[in-house]
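Let me begin by presenting the structure, written as structure tokens, before commenting on it.
Order of the sequence lines sets the chain letters (A, B, ...), proteins ahead of strands, with each chain counted from 1.
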There are 2 protein chains.
Amino acid sequence: MPMQMSGPLAALDKWQPDGCSMAMALDIIGTKSAMLLLREAFYGTTRFDGFVRRVGITEAVAAKRLKELVEAGLLEKRPYQEPGSRTRYEYVLTEMGNALLPVIVALMQWGDTYLRDGEGPLRVVSAETGEPVSVRVAPSGTDSLGPEGLAVRINRKG
Amino acid sequence: MPMQMSGPLAALDKWQPDGCSMAMALDIIGTKSAMLLLREAFYGTTRFDGFVRRVGITEAVAAKRLKELVEAGLLEKRPYQEPGSRTRYEYVLTEMGNALLPVIVALMQWGDTYLRDGEGPLRVVSAETGEPVSVRVAPSGTDSLGPEGLAVRINRKG
DNA sequence: TGGCTGAGTATGCTCAACGCAAGTCAGGTG
DNA sequence: CACCTGACTTGCGTTGAGCATACTCAGCCA
């Protein structure tokens, strides 16, 4: 059962999903390499050749994607200096980049559940308690909802 | 601050993220058209030309992606019959497809927040109460966590 | 029997994503 | 001062994603 489309949205043949936020998001992070670079950033990778090695892409692709992610505001390029080396740059998630955490974790868990029978190589848990975490769609403080528990409304400012 | 990588995972230069579930997931839904088709399925679109019109892709691309999504098990092709028409097929989300809801909603909300100052065209709310929903990463029944509140462990069968 | 419609298929093209290989460039080490 | 290393850049070829146009095919309708 799909989401409930409220009011004028109910007639799917009468409106177009123009300017969809998801489509805009995908223009930035819609490539596999961009997603995997972000995964690495969440894992704590910061340096160019770390990204290259761990994502398994070429330097050319890494350079291009990292530049795009910096321009889009998801990563910040900041100088650092190791003793006995010249100043270099590392790539660190901004608040905007950090906010993609639910997307990354949701994708991982979906993959674990449906593409490998619930047994992925890694597990994401609470750092404090060690409890497994899950990604949920819900109003604050309540149980999570499926599509049939959700409705889509036209957004009016206010 | 990134996630806490536990034990052997802490040395990022000593292991490779092989067989990552997210990478596998992206092999299926890693294209913009696949994602937008899924969005439409959540909105309630079921018919071929509905997908074509609303996603704004060509019939050729729609046919290819829909076939892939059916083969991957995210959509189910099921016969239906309108009075005075012959039997046709519609595309409906399977449980596996439904489980992608958090990914779609998370992307929408991220786009709303960071690409349009919190004012996207649509809003996802609880069908029952009308309250706005959000996507959260957390252990059941607790507050949501950011990257710094999460840890990554090697998964051992239990 | 000939058209109409919904659901595709077929063909041809462009551009983006990516890989491989080689070159550049700045600065620190021997 | 030559060399090395990390961080890229450049060039070239392949594959996949996407558009546009045209065509097919089944069955209902006149």
Original post:
Hey, mind stepping through B/Ile104 and B/Leu101 against side-chain contact (heavy atoms from CB on, under 4.5 Å) and telling me if it holds?
Top reply: CA-CA 5 Å; B/Ile104 272 79; B/Leu101 181 73; 5.5 Å; no

Original post:
Do any of residues 10-36 of chain B sit with a heavy atom less than 4.0 Å from DNA chain D, and if so which?
Top reply: B/Thr31, B/Lys32, B/Ser33

Original post:
Out of C/dG19, C/dA22, C/dT9, which has the shortest distance to the side chain of A/Ile57?
Top reply: C/dG19

**OP:** Decide yes or no for A/Leu37 and A/Ile57: does some side-chain heavy atom of the first lie under 4.5 Å from some side-chain heavy atom of the second?
**Re:** yes

Subject >> Residues touching DNA chain D, which here means a heavy atom under 4.0 Å, drawn from residues 76-85 of chain A >> reply: A/Lys77, A/Tyr80

**OP:** Using a cut-off of strictly less than 4.0 Å, decide whether A/Lys67 has a side-chain nitrogen or oxygen near OP1 or OP2 of D/dC8.
**Re:** no

**OP:** Report the distance from atom CG of B/Leu66 to atom P of D/dA17, rounded to the nearest whole Å.
**Re:** 14 Å

Subject >> Pairwise side-chain contact, B/Leu107 with B/Met35, heavy-atom cut-off 4.5 Å (strictly under) >> reply: yes

Original post:
Which nucleotide, C/dC20, D/dG18, C/dA22, lies nearest any side-chain atom of A/Thr58?
Top reply: C/dC20

For residues 131-139 of chain A, which side-chain N or O atoms pair as donor and acceptor with protein atoms under 3.5 Å away, sequence neighbours left out?
from	atom 1	to	atom 2	distance (Å)
A/Glu131	OE1	A/Thr129	OG1	3.3

Give me the distances for all protein-to-nucleotides 10-13 of chain D N/O pairs that come in under 3.5 Å?
none

Original post:
Considering only heavy atoms and no angle criterion, is a donor-acceptor pair shorter than 3.5 Å present between the side chain of A/Arg88 and the base of D/dA7?
Top reply: no

**OP:** Sorted by first residue and then second, give each salt bridge (charged side-chain N to carboxylate O under 4.0 Å, His left out) pair with at least one member in residues 140-155 of chain B; sequence neighbours left out.
**Re:** none

Original post:
What nucleotide among C/dT9, D/dG18, D/dC8 has an atom nearest to a side-chain atom of B/Val61?
Top reply: D/dG18

Original post:
Given D/dC8, C/dC20, C/dA7, which nucleotide is nearest the side-chain atoms of B/Arg47?
Top reply: C/dA7

Original post:
Charged N to carboxylate O under 4.0 angstrom, A/Asp27 versus B/Lys32?
Top reply: yes

**OP:** Can you run down the salt bridge (charged side-chain N to carboxylate O under 4.0 Å, His left out) pairs that involve residues 82-100 of chain A, sequence neighbours left out, and say none if there aren't any?
**Re:** A/Arg47-A/Glu82

**OP:** Evaluate whether atom CD of B/Gln16 has more than 12 neighbouring non-hydrogen atoms of other residues, nucleotides or ligands under 6.0 angstrom away.
**Re:** yes

Original post:
When you match B/Ala63 and A/Glu68 each to their closest nucleotide on DNA chain C, which lands nearer the 5' end?
Top reply: B/Ala63

Original post:
Going by heavy atoms in the side chains, are B/Arg78 and B/Tyr89 under 4.5 Å from each other?
Top reply: no

Subject >> Touch class at under 4.0 angstrom, heavy-atom based, for A/Tyr91 against every strand present >> reply: sugar-phosphate

Original post:
Between B/Arg116 and B/Glu119, is there a side-chain N and carboxylate O pair less than 4.0 Å apart?
Top reply: no

Original post:
Under 4.0 angstrom, heavy atoms only, what part of the nucleic acid is B/Gly56 near: base, sugar-phosphate, or nothing?
Top reply: sugar-phosphate

Original post:
Centre of A/Tyr91's six-membered ring, under 6.0 Å away, within 45 degrees of the axis: is that where NZ or CZ of A/Lys77 sits?
Top reply: no

Subject >> Minimum-distance nucleotide to A/Arg86 side chain [options: C/dG8, D/dA20, C/dA26] >> reply: C/dA26

Subject >> Value in whole Å for how far the C1' atom of C/dG19 lies from NZ of A/Lys64 >> reply: 13 Å

